[in-house]
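Naming convention: chains lettered A, B, ... in sequence-line order (proteins, then strands); numbering from 1 in each chain.
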Amino acid sequence: MKRVVILFAIVFLLSLSAYAQQKIEIIYWTHEDPNRTEIENRYIEEFEAANPGVTIKRVTNPSNKMAEIVLTAFAANQGPDMFNLQIEDEYAYIVNNRLAPIDYKAAGYDSLEAVYQDYMPGTLDSVTFENNLYGLPMELTNWCIYLNKRVFWDAGLDPDKDYPKTWEEMVEVSEKIVIRDGEIITRRGFDFRYPYYLVAMVPMAEQLGGKLISDDGKKAIINDEAWLKFLTYMQQWGPNGKNLGSPTYTNARNLFNKDNNDIAMCQSGLYQQGRIRADNPEFYDSGDWAVIPYPLFEDAVRDVASAYYGHYFVVNQQKPKENQEITWKFISYMLNYPEEYLVKVGLIQPKVRLMESDEFKNMPYSDVFRQDMERGHIVYYGENSAIIQQHIREAVESVMLAGRTPEAALQVLKLKVQEVLEEE
Amino acid sequence: MKYPLFKSGIEQKKSRWGLFFVIPSILFFSLFSFYPIFTALYTSFFRKKLLSLQPPDFIALQNYAYLLKSPDFWNSIRATAVFTIGTFIPIVILSLILANFIVSRKRFQQFFQMAYYSPAVLSSVVVAVIWLLIFDPRGLGNQVLNFLFNSPGVDHKFLANSIMVQISTMVVYSWKYLGYFTIIFIVGLTTIPQSTHEAALIDGASRWQDFYYITLPLLKPTTVLVSVMSMLQCLKTFSTQYLFTQGGAPMAPINVITLNIYHTAIRDHRIGRASAMSVILFFIMLIFTWLQFRVSRSEEVSY
């Protein structure tokens, strides 16, 4: 009788633990991207089939809301099991110990060293902190200039010869392309990516010898002359200067895909190709578009292209260990298909095998992106990167829109960024 | 005559039932208003980072001292003051005029009420998105003004100029809430007995004299209510400014206190400093409400 009771107890406990295993649910928060949703939903189905009892709940949010939503959830200790953000927003989670270090065994690697060897050199530096690795890259993106050849032809320009190689030429070419109804621009030559000053605009100051932060991290906004020239350039670009564009005009990236003769050039990543194909297949197939490198100032002292940024998959350290283990396994499963991410979504996962693959080499203009990435560096990331970006934004807006002189704007910028550094 | 709180008989029963019915509201306000207010006050004395798992450092009044020296915070005070004065005064005056206009109509009263009230039911986000399209340099705003003033090709820079962007936020906010306060005035106007107006007119008062000497004094409680409510709404404004800055408008001219609180907490992760700002905003609202009641306090008018 005693044996029967013990046997029942063992069976009961085993069934309980099996039941508990069945109940593992991984919550995955990410930003909206229809092309990626399609393939990741398939990976989830495959992963769930191969791991009975595990369910992955994928939740998408607008990309401009992701940082805020994740932050609010973590502040209330209610973060998801895994998420991805741009490294500028994600780094604070690493330094505040909110993320779990990689479980390399669960991710299918023999050692931590093997993980680093799987990726291009330096691409995991931003998620390495105190000798631990906290994330794996879903994408590493840099921006080049997309060019609509039809608009160039319409303006009497030859896109193969007349495309701008320098920022000065960008002004000249834009002046030839731009069409105005009085003061109102109805066709623009080029549009900057205004909200992303660290990625798109800081390299312009760097080309002129400027630096955001000194090498020892103590001094902000190095080389006044370089920053002044950059701010003067933006002032001249704006509505109170040559009136070639302004942050208040509709964002050019989506307009570019429509090809309705209102924008000639915009700044975007390799992923834009998938979006052109989805939004306007005729334009995509026509080949009447091209990608050109990030321009240089004529008197540049450094050859710097746009900064690159990474979206890294990371795991919440407040979740149970078994959830963390399954989550790393799932992340590794998704990242096993970098070719599909590249071809179907246009995202570059910086794995060594992908960068040397035919799929990468055969992507239109992948060589332009690769060469520009070699000219660039990772975007400035730190706990304070968002507030520093805001101060740069204020400086640029003040010279473009509020009539402040570049000298006055620079003084304010220096003071504010220095204050941020000193408060840390 | 004053009644003691607990009495025997019918009054006691009434008091108990009154207390019983009020308890849910007290609990609701305690949980969702008083608790956050006291938590914010407590947090404002600490250096607390939103993501940090470390216990926050007690820094007494340092957050307040920092804010009082911060040009950014004073700019927010200025932006909030300009917006509030530029919005709530026109709202009170225009909604009173509109309410009189609607009440004086013999036909289509309901239609006008519905038409003016409809923006109030839209979410602030939808309103801001609609107006962002209107204020686009190639949008309806420039087209209409250029047609009216026969000034083709002029860009009025609704979002691209420091002054214009402040006026734009005032226009959007007034458009949204004008109908709401008009309805409150209409309710106030309908409580004034028609016989009082008729008596004044028989005594030889003009329409203007009727409005000035009869309507306005009798409408005073409603006017105070509308002005307090609209002022508090304006001091708390957030979504219009937030969405305009997302749409490319410059931040500094419209960086109202609530927007600054949001950025300090969510972008900079400094929840202690953001709490201190919200406590200051709370006291500003409290002081102005008290002032308004005090200024408008006088003998009740009755005819």
A.B. asks: Please determine, by modelled atom types, if A:Thr248 and B:Asp136 share a side-chain donor-acceptor pair under 3.5 angstrom.
C.D. replies: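 The criterion, which ignores hydrogens and geometry beyond distance, is not satisfied for B:Asp136 and A:Thr248.
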A.B. asks: I'd like to know whether CG of B:Leu31 has more than 12 heavy-atom contacts from other residues, nucleotides or ligands below 6.0 angstrom.
C.D. replies: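 It does: B:Leu31 CG has more than 12 such atoms within range.
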A.B. asks: Within the 4.5 Å heavy-atom criterion, are A:Ile184 and B:Gln143 side-chain neighbours or not?
C.D. replies: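 They are not in side-chain contact.
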A.B. asks: Quick one: of B:Phe158, B:Tyr66, B:Phe135, who has the most non-hydrogen atom pairs under 4.5 Å with chain A?
C.D. replies: B:Tyr66
A.B. asks: Just give me the residue among A:Gln390, A:Glu394, A:Arg180 that pairs up with chain B most often, heavy atom to heavy atom, under 4.5 Å.
C.D. replies: A:Gln390
A.B. asks: How about A:Glu68 and B:Tyr262: does a side-chain donor come under 3.5 Å of a side-chain acceptor?
C.D. replies: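 There is such a pair (donor and acceptor under 3.5 Å, judged by atom type) between the side chains of A:Glu68 and B:Tyr262.
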A.B. asks: Where do B:Lys157 and A:Glu183 land on the salt bridge (Lys or Arg N to Asp or Glu O under 4.0 Å) test, with the steps shown first?
C.D. replies: CA-CA 10 Å; B:Lys157 296 177 183 164; A:Glu183 297 167 347; 5.4 Å; no
A.B. asks: How far apart are the closest heavy atoms of A:Arg98 and B:Leu51, and which atoms are they?
C.D. replies: NH1-O, 2.7 Å
A.B. asks: Please determine, among A:Asn77, A:Val396, A:Leu71, A:Asp181, the option with the most heavy-atom pairs under 4.5 Å with chain B.
C.D. replies: A:Leu71
A.B. asks: A quick test of your reading: do over 12 heavy atoms of other residues, nucleotides or ligands sit less than 6.0 Å from CZ of B:Phe58?
C.D. replies: yes
A.B. asks: Within the 4.5 Å heavy-atom criterion, are A:Leu401 and B:Asn161 side-chain neighbours or not?
C.D. replies: no
A.B. asks: Are more than 12 heavy atoms, taken from residues, nucleotides or ligands other than B:Tyr35, located less than 6.0 Å from that residue's OH atom?
C.D. replies: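 No - once you tally the heavy atoms of other residues, nucleotides and ligands closer than 6.0 Å, there are 12 at most.
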A.B. asks: At a heavy-atom separation under 4.5 Å, does A:Pro239 approach chain B through its side chain, its backbone, both, or neither?
C.D. replies: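 It is both, since atoms from each part get that close.
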A.B. asks: So for B:His263, is it side chain, backbone, both, or neither that comes closer than 4.5 Å to the heavy atoms of chain A?
C.D. replies: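 Contact with chain A: none, neither part.
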A.B. asks: What do the steps show when you test B:Asp72 against A:Glu419 for side-chain contact (heavy atoms from CB on, under 4.5 Å), and what is the final call?
C.D. replies: CA-CA 12 Å; B:Asp72 256 2; A:Glu419 186 191 325; over 6 Å; no
A.B. asks: Check this for me: B:Phe288, atom CZ, are more than 12 non-hydrogen atoms of other residues, nucleotides or ligands nearer than 6.0 Å?
C.D. replies: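 12 or below, so no.
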A.B. asks: Report the C-alpha distance between A:Glu397 and B:Thr245 in whole Å, list the side-chain angles of each, state the deciding distance to 0.1 Å, and finish with yes or no for side-chain contact (heavy atoms from CB on, under 4.5 Å).
C.D. replies: CA-CA 11 Å; A:Glu397 281 174 353; B:Thr245 53; over 6 Å; no
A.B. asks: Considering residues, nucleotides and ligands other than B:Tyr180, do more than 12 of their heavy atoms fall under 6.0 Å from its OH?
C.D. replies: no
A.B. asks: Which bit of A:Ser398 comes within less than 4.5 Å of chain B, counting heavy atoms only: side chain, backbone, both or neither?
C.D. replies: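 Looking at A:Ser398, nothing touches chain B.
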A.B. asks: Below 4.5 Å, heavy atoms only, C-beta onward: do B:Arg267 and A:Gln389 meet side chain to side chain?
C.D. replies: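 No, side chains not in contact.
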A.B. asks: When only pairs under 4.5 Å are counted, which of B:Pro253, B:Ala252, B:Ala249, B:Pro152 shares the most heavy-atom pairs with chain A?
C.D. replies: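 That would be B:Ala249.
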A.B. asks: Flag the one option from B:Gln246, B:Gln54, B:Arg273 with the top tally of heavy-atom pairs under 4.5 Å to chain A.
C.D. replies: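 Ranked by heavy-atom pairs under 4.5 Å with chain A, first place is B:Arg273.
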A.B. asks: Looking at side-chain heavy atoms only, is the closest gap between B:Leu53 and A:Asn96 below 4.5 Å?
C.D. replies: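 No, their side chains stay 4.5 Å or more apart.
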A.B. asks: Based on non-hydrogen pairs under 4.5 Å, which of A:Val95, A:Thr186, A:Asn97 is most in contact with chain B?
C.D. replies: A:Thr186
A.B. asks: Could you go step by step and tell me if A:Glu423 and B:Arg47 meet the salt bridge (Lys or Arg N to Asp or Glu O under 4.0 Å) rule?
C.D. replies: CA-CA 11 Å; A:Glu423 274 205 319; B:Arg47 182 181 289 117; over 6 Å; no
A.B. asks: Between B:Gly139, B:Gly247, B:Pro137, which residue shows the highest count of heavy-atom pairs closer than 4.5 Å to chain A?
C.D. replies: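 Maximum pair count with chain A is reached by B:Pro137.
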A.B. asks: Tell me, do B:Arg138 and A:Ile185 make a side-chain contact under 4.5 Å, heavy atoms counted?
C.D. replies: no
A.B. asks: Against chain B, label A:Glu88 side chain, backbone, both or neither, depending on which of its atoms sit under 4.5 Å from a heavy atom there.
C.D. replies: neither
